[in-house]
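Inspection log for the structure reproduced underneath, given as structure tokens.
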Amino acid sequence: MDSLKDFIVNFKYLMPALGKYKKAAQKSMLFTTIETILELIVPSIMAIIIDKAIAEKDLGLTVKLSLLMIFISLLCMYAGASATRLAATTSTGFGSNLRKISFNKIQEYGFRDLEYYGSPSLITRLTSDIQQIIFSVFMGTRFIIKTLVMAIVAVTLSVKISRNLSLIFLVLIPLLVLGIFALTTRAIPTFRQFRKEFDNLNQVVQENLANIRVVKAFVRNDYEIKKFDRQNQTMFKIIDKGAGFMSFITPISNLFMFLSIISIIYFGGKEIIGGLIGVGELMSFVTYAMMLLGAFIGISMVMMQMMMSSPGVVRVAEIIKHIPEMDESLAQEGQEVEDGSIDFDNVFFKYDKSGENFALSGVNLHIKSGETIGILGPTGSSKSTLVQLIPRLYDASSGRVKVGGRDVKTYSLEELRAKVNIVLQKNTLFSGTIAENLRWGNNEASDEEVIEAAKIAAADDFINQRDGGYNSVLGQGGVGVSGGQKQRLCIARSLLTKPKILILDNSTSAVDTKTEASITASLKKYHPDMTKIIISQRMSSFKDCDRIIVMDEGRIEGIGSHQELYATNEIYRKTYDIQEKGADE
């Protein structure tokens with residue numbers, strides 16, 4: 001019953017997704033009620049035909065009642081078809097809205113939130129979990145009212161025919177309910193575990209497809225196949241165990257149904273002999289008994305479906321009710337980034353809030369608007385972490401980060417990230433034309449602006465060499481261009497947003513030094529007022545920088561020009577000597 005409780009408690013967070021389909025649900029329930037009542041009228045008419053019309057050999061009454069049964073059956077068919085169609089509209093519309101609400105909520109998540117859930121789990125929640133919920137909504141909309149109305153009316157009519165025969169229900173129905181309940185409580189934990197293993201399967205598939213080049217390069221196809229098979233077999237064993245329990249429901253239901261019919265015919269026959277009821281009444285009673293048992297089996301199946309989907313309801317509700325780490329409560333409406341100045345005031349940061357180790361410690365830094373800043377440091381010195389605090393990809397654990405003289409938290413995320421653009425180390429393009437990829441940063445950019453941005457990023461030449469030029473099509477993830485070309489396209493895409501601050505996080509690592517020099521020179525020439533931060537391991541990247549920051553173990557170890565750092569900073573001097581003097585030798 002915990003699964004059913006979880007379903008009910010968490011489903012309220014999903015209810016806004018019903019939206020405009022609420023009326024369709026109400027109409028479906030109305031048609032279902034009409035359908036059920038009409039179904040229950042038919043056995044009563046049949047009893048009258050047998051006990052009165054046929055017994056009295058009244059052909060006219062037989063024909064009239066038969067035509068009435070046909071008419072009621074046609075109405076019942078129409079009501080049932082309408083109820084099913086409206087229930088399907090309700091459930092699919094609800095699912096569509098639920099996916100939209102969940103996806104929109106995920107877009108509000110910060111990096112910490114996304115890392116907490118993991119992309120494989122989020123994909124499962126937005127696909128198979130919601131699909132399970134859709135089926136539960138359909139079952140609930142279509143069958144809960146049907147089974148409840150049928151149970152109430154069937155019991156009422158059965159008692160009216162024979163109170164003694166109705167006592168059979170008091171014995172058999174509780175036993176049937178207990179049997180189904182015992183089986184479902186054994187099966188539900190397996191379905192809950194299955195949802196978790198589904199996440200793991202998604203992760204295996206996602207990792208394999210995302211890194212297929214590495215898999216091919218290391219000839220690890222067989223290893224990946226075996227890993228997939230292991231996870232697939234784990235899921236098979238879990239679902240097979242649950243299905244094993246559920247497979248007993250139909251046989252047990254049939255057993256109780258047959259026992260009911262035998263008992264009713266036996267005791268009903270005695271009542272016919274005693275003149276207490278007629279043959280037609282007994283036939284209608286048997287029909288009501290089957291309907292009643294079918295109603296309880298139906299409601300059990302609905303409850304089982306709800307319990308099966310309850311893990312999905314809980315998981316989707318977690319997405320919707322989760323409060324993103326990025327709190328915008330301090331954002332001031334209409335606040336705009338005035339310039340590209342940046343300040344770090346005694347900033348500390350750690351990825352794990354409960355951990356003890358800080359990725360950044362005591363960072364104090366002031367960058368003037370329009371400056372070109374280089375950041376150098378060994379691997380793991382938190383260079384990328386530092387710049388990711390500027391557009392609030394993460395929030396500082398303590399201290400303040402300012403942009404344009406104001407705390408970054410006073411801007412809306414949309415405004416801040418529109419003015420602070422970061423070209424991440426891992427570059428991503430999307431399927432579509434090159435022009436569409438470049439305009440991804442600014443859909444209103446003119447052709448002239450697109451071409452100018454491409455020229456600054458040294459991408460115009462290779463674009464024009466392709467068949468179709470700017471209208472040439474790229475595959476998923478930017479298939480069709482080299483790593484260096486992809487980096488240049490990503491830089492051009494960022495330039496089209498016209499940011500106040502542009503951060504290049506190792507985003508020219510796959511570009512030769514001559515092209516890199518051309519890009520940095522063009523940036524300084526065409527955008528002198530834009531603050532530029534360049535993270536790199538190559539000393540050549542810092543030739544046009546106004547100042548260079550040296551980082552080590554999450555701290556700033558030195559700031560200054562090349563001459564100042566070479567004279568005072570050991571890390572900088574060693575790096576320069578290895579790269580520049582070593583290259584000369």
Side-chain angles (χ1 to χ4, degrees), residues 213 340 370-375 387 391 417-546:
R213 293 174 184 267
E371 271 194 297
T372 300
I373 301 294
I375 302 181
V387 297
R417 291 173 183 173
K419 296 299 188 294
V420 182
N421 206 291
I422 181 168
V423 184
L424 295 168
Q425 187 171 356
K426 185 178 180 181
N427 300 283
T428 301
L429 295 173
F430 300 88
S431 56
T433 66
I434 288 179
E436 287 171 345
N437 268 279
L438 296 180
R439 285 195 174 95
W440 203 75
N442 179 6
N443 197 42
E444 304 299 323
S446 65
D447 291 343
E448 291 75 16
E449 289 174 321
V450 170
I451 294 171
E452 182 187 22
K455 286 181 177 178
I456 295 171
D460 182 64
D461 288 342
F462 81 79
I463 293 173
N464 287 320
Q465 290 172 5
R466 293 172 60 92
D467 292 337
Y470 284 85
N471 292 319
S472 60
V473 178
L474 301 177
Q476 183 179 359
V479 174
V481 291
S482 67
Q485 291 172 339
K486 187 185 291 187
Q487 286 185 335
R488 284 178 275 173
L489 289 174
C490 289
I491 293 171
R493 181 176 64 188
S494 292
L495 290 172
L496 283 173
T497 65
K498 299 178 181 177
K500 300 280 187 183
I501 300 168
L502 177 65
I503 302 169
L504 304 178
D505 185 1
N506 278 310
S507 49
T508 56
S509 57
V511 175
D512 61 85
T513 53
K514 181 180 177 181
T515 304
E516 181 185 36
S518 172
I519 294 171
T520 52
S522 297
L523 285 172
K524 199 156 192 175
K525 178 181 177 182
Y526 290 100
H527 297 282
D529 298 328
M530 180 175 67
T531 303
K532 296 165 281 294
I533 299 176
I534 301 170
I535 297 176
S536 180
Q537 298 290 357
R538 296 194 305 206
M539 302 302 297
S540 58
S541 303
F542 307 135
K543 287 182 178 178
D544 293 319
C545 290
D546 299 308

Review point. With no hydrogens and no angle check, is any side-chain donor or acceptor of Ser494 less than 3.5 Å from a backbone partner on Cys490?
Key: yes
Review point. Side chains of Lys455 and Ser522: does their closest heavy-atom pair fall under 4.5 Å?
Key: no
Check your understanding: Tell me, which pairs form a ring-ring contact (aromatic ring centres under 6.0 Å, His included) where one or both residues lie in residues 520-542, sequence neighbours left out?
Key -> none
Point to revise | Leu438 vs Tyr470, side chain to side chain contact (heavy atoms under 4.5 Å, CB included): CA-CA, chis, key distance, verdict | key: CA-CA 9 Å; Leu438 296 180; Tyr470 284 85; 4.0 Å; yes
Exercise for review: Determine whether Lys543 and Thr520 make a side-chain contact, defined as any pair of heavy atoms from C-beta on separated by less than 4.5 Å.
Suggested key: no
Practice item. For residues Cys545 and Ile373, report the shortest heavy-atom separation together with the two atoms involved. Key: SG-C, 3.9 Å
Review point. Sequence neighbours excluded, which residues qualify as side chain to side chain donor-acceptor pair (under 3.5 Å) partners of Glu452?
Key: none
Review point. With a 4.5 Å limit on heavy-atom distance, are the side chains of Ile491 and Thr508 in contact?
Key: yes
Check your understanding: Which heavy atom in Ser536 sits nearest to a heavy atom in Asn506, and how many Å separate them?
Key -> CA-OD1, 3.4 Å
Review point. Got a sec: does the NZ of Lys524 have more than 12 other heavy atoms crowding it under 6.0 Å?
Key: yes
Practice item. Answer whether the closest heavy-atom distance between the side chains of Ile451 and Ile463 falls below 4.5 Å. Key: no
Point to revise | Where Ile434 and Gly469 come nearest, the two heavy atoms and their spacing | key: CD1-O, 4.0 Å
Revision key, fill the gap. For Ala435 and Asn471, the nearest pair of non-hydrogen atoms, with its separation, is CB-OD1, 4.5 Å
Study note, to complete from the structure: Of all heavy-atom pairs linking Leu523 and Leu495, the shortest is CD2-CD2, 3.6 Å
Exercise for review: Just jot down the side chain to side chain contact (heavy atoms under 4.5 Å, CB included) partners of Thr515, sequence neighbours excluded, or say none.
Suggested key: Ala458, Arg488, Val511, Asp512, Ile519
Practice item. Measure the CD1-CD1 distance between Ile535 and Ile375 for me, rounded to the nearest 0.5 Å. Key: 4.5 Å
Practice item. Would you mind listing every salt bridge (Lys or Arg N to Asp or Glu O under 4.0 Å) that reaches into residues 456-473, with sequence neighbours excluded? Key: none
Review point. Quick one: CD on Glu436 to CG on Asn443, what's the gap to the nearest 0.5 Å?
Key: 9.0 Å
Study note, to complete from the structure: Between Ser540 and Glu516, the two heavy atoms sitting closest are OG-OE1, 3.5 Å
Exercise for review: Without swapping roles, check the side chain of Asp546 against the backbone of Thr372 for a donor-acceptor pair under 3.5 Å.
Suggested key: yes
Exercise for review: With the side chain counted from C-beta on, respond yes when Asn437 and Leu474 share a heavy-atom pair under 4.5 Å apart, and no when they do not.
Suggested key: yes
Exercise for review: Please round to the nearest 0.5 Å and tell me the distance separating atom CG of Leu489 and atom CZ of Phe462.
Suggested key: 4.0 Å
Point to revise | Residue pairs involving residues 491-505 (criterion salt bridge (Lys or Arg N to Asp or Glu O under 4.0 Å); sequence neighbours excluded) | key: Glu449-Lys498
Practice item. List in chain and number order the residues that pass side chain to side chain contact (heavy atoms under 4.5 Å, CB included) with Thr531, two or more places apart in sequence or in another chain; answer none if no residue qualifies. Key: Ile342, Ile367, Ser369, Ile501
**Study point:** Any Val420 side-chain heavy atom under 4.5 Å of Ile422 side chain
**Key:** no
